[in-house]
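Read the structure below first, then the notes.
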Amino acid sequence: MNLPMPVAVALMLGVGVLLLLGMWRGWRGVQARSADVVGDLPAVPAREHLGAARTEPVTGTYVSSTTGGDWLDRVAVRDLGHRSPALVQVFDTGVLVERTGAHDLFVPASAVRGADRVPGMAGKYVGKDGIVVLRWDVAGAHGATTRLDTGIRTQHKADRALLVDAMNSLVPQVPADQPHNDKESE
């Protein structure tokens, strides 16, 4: 079937517009679902209130944040779903992620639940535990606490273990005489 050139071009443009509209509506749906799960993010404190630095600034890429344990469920509100170049540094008071082209992110030490290395998350697969994942809690939109996984791809491989160790050193320790509640860690 041979279509005249103007008809073929118009048909292709129409299909392209429909695809873009579908993608836009899908992203809006992800944002709406994320808005129900994630409330306000912690404010980024002034540098003089961050305490002692536990690491030097680490250059890398902010991959994304996802709901805890589901590395395909990207959180799309408050710039958390936008990949961007980043500088990550761990302080006594928490983890600071300074992002280019997006809002900076601060995770208070009291919200940190652990860190690990994974091969990929939410649209980025690098293999061999190449992404540092910070697990942390944030207040949800309706008062419930939500666990988030935030991924950072460091520029230098040696920085990954350094970041994981420094982030894990912030995890609040449960006193030996206090029973551990497994429900909180889920």
Side-chain angles (χ1 to χ4, degrees), residues 31 34-35 37-69 71 73-118 121-122 124 126 129-176 178 180-181 184-185:
Q31 287 178 324
S34 297
V37 175
V38 178
D40 292 331
L41 297 176
V44 178
R47 278 228 174 250
E48 60 268 11
H49 299 295
L50 289 172
R54 294 185 180 201
T55 65
E56 293 296 318
V58 174
T59 304
T61 301
Y62 171 88
V63 176
S64 70
S65 289
T66 63
T67 56
W71 295 339
D73 186 19
R74 187 187 308 247
V75 175
V77 293
R78 293 164 193 68
D79 287 342
L80 292 177
H82 298 283
R83 185 173 300 158
S84 60
L87 278 176
V88 182
Q89 192 167 9
V90 180
F91 293 90
D92 286 342
T93 58
V95 180
L96 177 62
V97 182
E98 296 176 297
R99 303 188 299 160
T100 304
H103 293 98
D104 293 343
L105 176 65
F106 179 72
V107 178
S110 61
V112 173
R113 296 297 171 253
D116 205 353
R117 294 175 11 188
V118 298
M121 70 183 299
K124 180 76 171 169
V126 295
D129 299 333
I131 296 176
V132 173
V133 172
L134 172 64
R135 288 183 304 281
W136 58 290
D137 291 337
V138 64
H142 303 293
T145 300
T146 301
R147 176 80 33 100
L148 295 180
D149 292 334
T150 295
I152 304 291
R153 169 79 166 155
T154 62
Q155 185 174 12
H156 303 289
K157 185 177 181 180
D159 291 335
R160 295 178 197 144
L162 174 82
L163 268 183
V164 168
D165 291 343
M167 290 173 177
N168 279 328
S169 73
L170 296 176
V171 176
Q173 301 299 316
V174 177
Q178 181 178 344
H180 179 70
N181 184 354
E184 288 180 352
S185 63

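The analysis underlying the following values was restricted to heavy atoms, covering all of them including side chains, and did not include hydrogens, waters or symmetry mates.
You'll find the side chain of Leu148 stays beyond 4.5 Å of the side chain of Arg135, heavy atoms only. Side-chain contact check for Trp136 versus Leu105: some heavy-atom pair is nearer than 4.5 Å. Between Thr59 and Leu87 the shortest side-chain heavy-atom distance falls below 4.5 Å. With contacts defined as side-chain heavy-atom distances shorter than 4.5 Å, the pair Thr146/Asp137 does not qualify. Proximity of Leu162 to Glu56: side-chain heavy atoms (C-beta onward) are nowhere separated by under 4.5 Å. At least one side-chain heavy atom of Val88 sits under 4.5 Å from a side-chain heavy atom of Val95. Side chains of Leu50 and Glu48 form no contact here, defined as non-hydrogen atoms less than 4.5 Å apart.
Residues Phe106 and Ala43 share a closest heavy-atom pair of CD2-O, 3.7 Å. Minimum heavy-atom separation, Ala115 to Met167: CB-CB, 3.6 Å. In plain terms, the two heavy atoms of Gly151 and Met121 that are nearest each other are CA-SD, 3.4 Å. What you find for Arg99 and Ser84 is that their closest heavy atoms are CB-OG, 3.4 Å. The minimum heavy-atom distance linking Arg74 with Gly81 is given by the pair NH1-O, 3.1 Å.
Note that the CZ atom of Arg113 and the OG1 atom of Thr145 stand 8.5 Å from one another [nearest 0.5 Å]. Considering NZ of Lys157 and CG of Asp159, their distance stands at 12.5 Å, rounded to 0.5 Å. Atom OG in Ser65 sits 11.5 Å away from atom NE2 in His82 (nearest 0.5 Å).
In this structure, Asp79 contributes its side chain and His103 its backbone to a donor-acceptor pair below 3.5 Å. With hydrogens and angles ignored, the 3.5 Å screen pairs a side-chain donor or acceptor of Thr55 with a backbone N or O of Val90.
Among the candidates Thr150, Leu41, Thr66, the single residue satisfying the side-chain contact (heavy atoms from CB on, under 4.5 Å) test with Leu80 is Leu41. No option in Val164, Val63, Asp149 other than Asp149 meets the side-chain contact (heavy atoms from CB on, under 4.5 Å) test with Val133. With Ile131 as the partner, the side-chain contact (heavy atoms from CB on, under 4.5 Å) test is satisfied by one option alone out of Val126, Ile152, Asp116: Val126.
Each side chain to side chain donor-acceptor pair (under 3.5 Å) pair with one or both residues in residues 88-98, not counting sequence neighbours, appears once here: Arg47-Glu98, Arg54-Asp92.
For the side chain to side chain contact (heavy atoms under 4.5 Å, CB included) test, residues two or more places apart in sequence or in another chain that qualify with Thr61 are Arg83, Arg153.
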